[in-house]
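Here the structure is laid out as structure tokens; the discussion comes afterwards.
Scope of the values below: all heavy atoms of this structure, side chains included, with no hydrogens, waters or symmetry mates. Just so it is clear, the model here is predicted, and its values are computed rather than measured. Convention: sequence-line order gives letters A, B, ...; per-chain numbering from 1.
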There are 2 protein chains.
Amino acid sequence: MAKSEDDERPERISDAEHAVMETLWARSPLTAAEVCEAVCAERDWSLPTVKTLLSRLVTKQAVETRPDGRRFLYSPLLARDDYVGGESRRLMDRLFGGRAAPLFAHLAQDEALTDADIAEIEALLKELKQ
Amino acid sequence: MAKSEDDERPERISDAEHAVMETLWARSPLTAAEVCEAVCAERDWSLPTVKTLLSRLVTKQAVETRPDGRRFLYSPLLARDDYVGGESRRLMDRLFGGRAAPLFAHLAQDEALTDADIAEIEALLKELKQ
DNA sequence: GCACAACGACTACGCTTGTAAACATTAAGC
DNA sequence: GCTTAATGTTTACAAGCGTAGTCGTTGTGC
């Protein structure tokens, strides 16, 4: 159904790539060096690693480049919301039959919910119901 | 730091492996052939594939075997709840700063919540609050 | 003008994953 | 007893991933 082949089904973004995306979502456009500055300390990567990840993300059309002199400025093409939504749905589908309530129940049961969480969720529910 | 090598940090279970686990969680113990019967149709796998996945799961200590004549009966060692909990937490940590409320907010915003979900979650909340 | 530094592109390489065939063993039927 | 079917083990192999080095180009400081 409406899946022509120029329809880019978004290729999956790996864990390491995701870390790079987070950097760009936080601030962009950035040069490769700037991305490394932000992320290499935490993940203990070298600049070449970041460059590889960036080009893979460009290939996957999750990141776009704009030339700036002899270098590139990288910006996210994929919106964080879309990524996050996709991943959340994937998890729900795989583990909870696509339903949100069991996921929620699981979190509750694991005591993964803080009081603040509960309050927030209540507020959201109230909004949803009207 | 206290990471002796008999300390089993649970190795990650891949997508394909997860499908096999679901089969065993649904019913166990099963023979390899029975697992295939349950899962090969849907995923379009052959018996050898299932066998490979089963042995990888045994290596990862997610599945245990019991000899039954010349063949094996396979049972889950890893509890579904533990797996599901781990995966849920992973997602929450990676994408929502470890908080449940933003995850929930995202689901709500994507209209991934059915009326039934909402009702169930309300009930759960009520329980949590007392 | 030339050496050098910065940068992207290309290449590399071991590991995991998805998928499966080949092989060895053994219980079972004839 | 011998063939065969079932079953676990070993091996295979391409793609993806994590991690990084090398190469070629080009702007820059002297």
**Request:** Indicate yes or no: does B:Glu34 engage B:Arg27 in a salt bridge with an N to O separation below 4.0 Å.
**Result:** no
**Prompt:** B:Lys51 NZ to C:dA24 P: how many Å, rounded?
**Reply:** 15 Å
**Request:** Write out all pairs satisfying ring pair (Phe, Tyr, Trp, His ring centres under 6.0 Å) with one or both partners inside residues 86-130 of chain B, taking only residues at least two apart or from two chains.
**Result:** A:Phe104-B:Phe104
**Message:** What is the distance, to the nearest angstrom, from the CG atom on B:Leu57 to the P atom on C:dG18?
**Reply:** 10 Å
**Fill in**
Expected list for residues 69-80 of chain A near DNA chain D, using heavy atoms below 4.0 Å, is A:Arg70
**Message:** Could you tell me how far apart A:Arg12 (CZ) and C:dG18 (P) are, to the nearest whole angstrom?
**Reply:** 11 Å
**Message:** Nearest 0.5 angstrom please: B:Tyr83 OH to B:Ile13 CD1, how far?
**Reply:** 6.0 Å
**Prompt:** Which whole-number value in Å describes the distance from A:Leu53 CG to C:dA9 P?
**Reply:** 14 Å
**Request:** Using modelled atom types only, decide if a donor and an acceptor are shared between the side chain of B:Thr59 and the backbone of B:Ser55 within a distance under 3.5 Å.
**Result:** yes
**Prompt:** Tell me: CZ of A:Arg66 to C1' of C:dG8, nearest whole Å?
**Reply:** 17 Å
**Message:** One thing to verify: whether B:Asp15 and A:Arg90 come together as a salt bridge, which I'm taking to mean a side-chain N less than 4.0 angstrom from a carboxylate O.
**Reply:** yes
**Asked** Can any side-chain N or O of B:Glu22 pair as donor or acceptor with the backbone N or O of B:Ala19 at less than 3.5 Å?
**Response** no
**Request:** Assign each of B:Ser55 and A:Arg43 to its nearest nucleotide of DNA chain D by heavy atoms, then name whichever residue's nucleotide is nearer the 5' end.
**Result:** B:Ser55
**Message:** Which heavy atom of B:Leu103 sits nearest to which heavy atom of A:Ser88, and what is that distance?
**Reply:** CD1-OG, 4.0 Å
**Item:** Between CZ on residue A:Arg43 and SG on residue A:Cys36, distance to nearest 0.5 Å
**Value:** 12.5 Å
**Asked** In whole angstrom, what separates A:Leu47's CG from C:dC7's C1'?
**Response** 9 Å
**Message:** Given B:Glu17, which partner from the list B:Lys60, B:Arg12, B:Arg56 fulfils the salt bridge (charged side-chain N to carboxylate O under 4.0 Å, His left out) test?
**Reply:** B:Lys60
**Prompt:** Reckon A:Thr52 touches a base, only the sugar-phosphate, or nothing at all at heavy-atom distances under 4.0 Å?
**Reply:** base
**Message:** At a heavy-atom distance below 4.0 Å, which nucleotide of DNA chain D is the first touched by chain B, and which is the last?
**Reply:** D:dA6 to D:dA12
**Request:** Round to a whole Å and report the spacing from CZ of A:Arg56 to C1' of C:dA12.
**Result:** 11 Å
**Message:** Classify A:Thr49 by what it touches in the nucleic acid, base, sugar-phosphate, or nothing, heavy-atom distance under 4.0 Å.
**Reply:** base
**Message:** Tell me whether the side-chain N/O atoms of B:Ser14 come closer than 4.0 Å to OP1 or OP2 in C:dG18.
**Reply:** yes
